[in-house]
Amino acid sequence: MIPDKAPKEDVFHCPENLKKESHIPSFEKYKEEYIRSIENPDEFWGAIAKDFFWKTKHTGRFLEYNFDVTKGEIFIKCMEGATTNICYNLLDRNVHDKKLGDRIAFFWEGNEPGDELTVTYGELLQRVCQFANVLKSLGVKKGDRVSIYMPMVVELVVAMLACVRIGAVHSIVFAGFSSESLCERIIDSQCSLLVTADGFYRGDKLINLKLLADEALQKCRDKGFPVKKSIVLKHLSKEPEEVVGSQSPPAKRSCPDLELSWNLDVDLCWDALMKGASDQCEPEWCESEDPLFILYTSGSTGKPKGVLHTVSGYLLFVATTFKLVFDHQPDDVYWCTADIGWITGHSYITYGPLANGASSVLFEGLPTYPDMSRMWAIVDKYRVTKFYTAPTAIRMLMKYGSEPVQRYTRKSLKVLGTVGEPINPEAWQWYYSVVGEGRCPVVDTFWQTETGGHVLTPLPAATPMKPGSATFPFFGVVPAILNDSGEELEGPSEGYLVFKQPWPGVMRTVYGNHERFETTYFRKFPGYYVTGDGCRRDEDGYYWITGRIDDMLNVSGHLLSTAEVESALVEHKAVAEAAVVSRPHPVKGESLYCFVTLTDGATYNATLEAELRKQVREKIGAIATPDYIQNAPGLPKTRSGKIMRRVLRKIACGEKDMGDISTLADSGVVDELYRNRCCTTA
Ligand code: PRX
C-alpha cells in the first residue's frame, strides 16, 4: 500500500539539516516503522508506553476491538487492566522524574501586544493541584462532567487538567459558541459545574462571556436542569492587588461590570477559591477506558455529537503524533494557533505538547490584530521553531502579500503545519516559500475530532511533500478507499475514505448514544470506520482529501452541519422552510448559502435578512453566520418532497448546467432561483 521508495520528482524534499536530528529521518525508516506498527502493534505501542507512568500494567492484547456492526456491538479497548492518570503523566512525571520543573510550559501572549506571562511545569502542577482541590471541595467526583467555557488563558489548561487529575470528565465549549449552544451541551452531558470567565477581547471586540454563560445557565434552569455552581475567573476585571501570583495579567481595557451580574447563589470567584486551596493533590488512578473528555462536533442530523475519548489510548496517540509529526526536540518552541475549544487545541496545545515536556506559545488574540504581521512578531519574539495553523488563516494573510511576513525574520522556524481543511496548492506554496522561505517542511495533517490525533500526515524529515496532499497514514492507521458498493479500490482511485482498524486514539462512543456512534461511523460500510470525507489516491500512493461527502460544511476549518443552520433559520417565525448549501470561498474554504421560504404574509427585506443572521449567530455562534441568504418562494423538490440539494449547490455557485432534473416536481422554480441568486455577501 505504501510504496517502497518515495517519488524523487515533482515533490518537495526535506532539508538535510533537519534529517540529522529527526526521530524518523527517512522514508525507508517511516515504512519500516509503519509495517511494525501494523504487524505488531503490541510491541510498537508497548515500547512507547514504557515512557509513561502506569500505576498498574495492562494485561492481554494492546488493542481489543470489533469494527464490524454485523458481528455485534462496536467497541475499542486499549491497554485493558492498566491504570494511570494523564495529569500525572503530563506534569508530575515531567517535574519529578524528568526534572523539568523549571521548564516553561507556556509562554502566554495576550490579545494586546505586551500582555504576556510564562508558566513553568512546576507552577502548572501547583495550580492544577490547587484547582483540583477546589473542584473536590465543591463535590466534583470521578466521572462527573464539568463544562468549561473560557478564553485562551492558562487557567483554561489548569481547569482541564484539574478535572483530569480527579478523574472528572471535561466538556469544553469553544468561547465563540452562543449561550444556546452552551446550554445544549451542558444538558446533553449533564454537567454539574461550569467554569467560565468574565470576558475577553478578540482584537478590538469585547466578548462578555459571563453574560453568555449566565444566559446559558438560565436556559438550563428553564429546561429543568439547574447547574448548581459556576466558577468565574476574573480575567479582565482583576483588581491590581489580586494580580500577584495569578496567571492573568492586570486588566488593561474596559471590562464587563461583574458586580451587576454576580449571582451569589451560583457564582464563585476563581481567585478566592484558589487562595485557600492546598497545592498537594493525589491523582485519581483511572482505568484505561475510563472517560477522559467529551467534545462536541457537528452532526449531520443537526444535533451535535458528544465525541468521547478515553484515557490510555488517547495519551499514547497524541503524545506520539506530536513527537513525530512536529519532530519535537527539547529546545523547540512550539506554537499551535488553534483554540483549545476545538480538538486541535485539546490534542496539540494541551495533551500532546505537555506529554512531551514541550514549551509552547498560548495565544489569546487574533492573527490580524493589531496588524497583519502579529503572527510573525510572535514567532520572532519567542523564537518559535514549530508552527501549526489552519489553511484559512494562511489564505487570509496571503491576501496582504509578503510584506507583513517579511517585516520579521522567522529564522527560528523549522517545521510548518496545517490542519482543518484541504489546503489549496497555491496557499501551500505561499506558506512554504514566503513564510518558511523554502527551508521548512509543511506537514498537512488530516484528522478529525473523532480520530483524536493525526491519521494521514507527512513526517517532516521522512515524507517528500506534494502540495495539497496529506500524504500517508500515521503509525497504526490503515486507510482504504471504497466505491459506492463498499468495495476496496486498489492503486490510483477515488472514493470514500475509511479506516480498516482502530488506532489507540480513536473515539470510543458518542456520549450517551452508542447507537448514534455505530450509525454515523460504522453502518454505511460494515467493517470500516467511515470518515465522511472523499479521497483520491494518486499513482505514487499519496492520499488527497477531496472534501466532505455528507451534509457537512467546513467553514474556516470548522465543521458545521447544514441541518443545524437550517433548524436555526426555521425557528424564526417568518421562515417556513430553509435549505443550506456550501459555496466555495477564497479565504474560508466554504461559505454558507441559505435558501429560505417564508411563511404566508411574511415579507422579505433587509431587516428580515439581518434578523435571520442574528438568529443563527445567537443559536449557534458567529462561526455559523450565513454569508448569503436568498428568498426562495419555492425549493427544488422531488415528487416525494425531498429537496434536491445538488441543484441548490449549482445555483449557489452560479452554475447553469443543472444536470438531470427530470425527477423534480416543478422545474420552473430552478430558473427563478437562478435568476434571483445572490452574488455578494452581507
Ligand atoms: O473534512 C475533514 C477536514 O476537517 C474534518 C474534521 O473536522 P473536525 O472534527 O472539526 O476537526 C478539525 C481538526 C482536526 C475532516 O473530516 N480536515 C481536517 N484536516 C484536514 C481536513 N481536510 C483536508 N485536509 C486536512 N489536513
Side-chain angles (χ1 to χ4, degrees), residues 172-174 176-177 293-300 304-309 314 317-318 321-322 325 336-349 351-352 388-395 416-425 427-428 431 442-458 463 465-474 477 479 496-499 505-507 510 520-521 529-536 542-562 564 582 588-590 620-621 623-624:
I172 301 181
V173 179
F174 170 55
F177 274 121
F293 66 79
I294 300 167
L295 181 59
Y296 285 85
T297 186
S298 293
S300 54
K305 305 178 287 251
V307 169
L308 184 95
H309 285 285
Y314 179 82
F317 197 64
V318 294
T321 46
F322 175 80
V325 173
C336 166
T337 67
D339 192 290
I340 292 180
W342 304 106
I343 190 68
T344 306
H346 280 58
S347 298
Y348 299 114
I349 295 180
Y351 290 103
Y388 194 30
T389 196
T392 187
I394 299 167
R395 288 193 296 263
L416 302 173
T418 74
V419 56
E421 53 182 313
I423 181 164
N424 45 315
W428 193 101
Y431 195 32
V442 174
V443 286
D444 174 356
T445 61
F446 167 85
W447 58 295
Q448 308 176 302
T449 306
E450 294 87 334
T451 68
H454 308 139
V455 281
L456 297 180
T457 178
T463 319
M465 298 156 286
K466 294 194 184 190
S469 166
T471 73
F472 296 107
F474 188 75
V477 175
Y496 297 87
L497 176 67
V498 298
F499 294 110
V506 68
M507 73 182 286
V510 169
T520 312
Y521 306 101
Y529 167 91
V530 180
T531 59
D533 284 289
C535 184
R536 180 169 71 81
Y542 280 64
Y543 289 85
W544 302 73
I545 303 298
T546 53
R548 299 294 304 187
I549 40 182
D550 49 14
D551 287 336
M552 305 288 258
L553 287 163
N554 194 323
V555 179
S556 300
H558 303 314
L559 266 198
L560 291 168
S561 82
T562 51
E564 199 176 358
S582 147
K588 300 200 278 188
E590 290 181 78
I620 306 173
I623 47 165

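These numbers come from a predicted model, not from an experiment. Numbers here simply count residues along the sequence, with the first being 1. One-based numbering, in listed order, for ligands and for the atoms of each.
- The shell of residues lying under 4.0 angstrom from ligand 1, judged by heavy atoms, excludes G532.
- Geometrically, ligand 1 and D444 share a nitrogen or oxygen pair separated by less than 3.5 Å.
- Taking the six-membered ring for Trp and thresholds of 30 and 60 degrees, F174 and W342 have ring planes inclined between 30 and 60 degrees apart.
- Among protein heavy atoms, atom 16 (O) of ligand 1 sits closest to D533 OD2, 2.4 Å.
- Shortest contact from atom 10 (O) of ligand 1 to any protein heavy atom: T449 OG1, 3.8 Å.
- Only the side chain of R548 comes within 4.0 Å of ligand 1, counting heavy atoms alone; its backbone N, CA, C and O stay farther away.
- The single protein non-hydrogen atom nearest to atom 6 (C) of ligand 1 is W447 O, 3.6 Å, given as residue, atom name and distance.
- The only member of T520, I549, V498 that meets side chain to side chain contact (heavy atoms under 4.5 Å, CB included) when paired with V530 is V498.
- In this structure, the side chains of F446 and L497 come closer than 4.5 Å at one or more pairs of heavy atoms.
- A distance of 11.0 Å separates NZ in K588 from OG in S582, rounded to the nearest 0.5 Å.
- Atom numbering of ligand 1 starts at 1 in the shown order; those under 4.0 Å from a heavy atom of N554 are 3 (C), 4 (O).
- Distances below 4.0 Å separate heavy atoms of V419 from the following atoms of ligand 1: 13 (C), 14 (C).
- Side-chain polar atoms of T449 and Y296 form no donor-acceptor pair below 3.5 angstrom.
- Residues F499 and T531 meet the side-chain proximity criterion, which asks for heavy atoms closer than 4.5 Å.
- Side-chain atoms of T389 and Y431 include no donor-acceptor pair closer than 3.5 Å.
- Scanning the protein heavy atoms around atom 7 (O) of ligand 1, the nearest turns out to be L559 CG, 3.5 Å.
- Listed by number with element, the atoms of ligand 1 under 4.0 Å from a non-hydrogen atom of I545 are 22 (N), 23 (C).
- In this structure, the protein non-hydrogen atom closest to atom 19 (N) of ligand 1 is G420 N, 3.1 Å.
- No side-chain donor-acceptor contact under 3.5 Å links T463 to the backbone of M465.
- The shortest heavy-atom contact between G453 and Y348 is CA-OH, 3.2 Å.
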| said: Run the side-chain contact (heavy atoms from CB on, under 4.5 Å) test on W447 and V455 for me, step by step, so that the C-alpha distance in whole Å, both residues' side-chain angles and the decisive distance to 0.1 Å come before the verdict. | reply: CA-CA 5 Å; W447 58 295; V455 281; 4.1 Å; yes
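- Taking only nitrogen or oxygen atoms, main chain and side chain alike, T418 does not reach within less than 3.5 Å of ligand 1.
- Among protein heavy atoms, the minimum distance from atom 13 (C) of ligand 1 is reached at T344 OG1, 3.4 Å.
- Among all protein heavy atoms, the one lying closest to atom 25 (C) of ligand 1 is E421 O, 3.5 Å.
- Scanning G534, S298, P422, P391 for the heavy atom closest to atom 23 (C) of ligand 1 points to P422.
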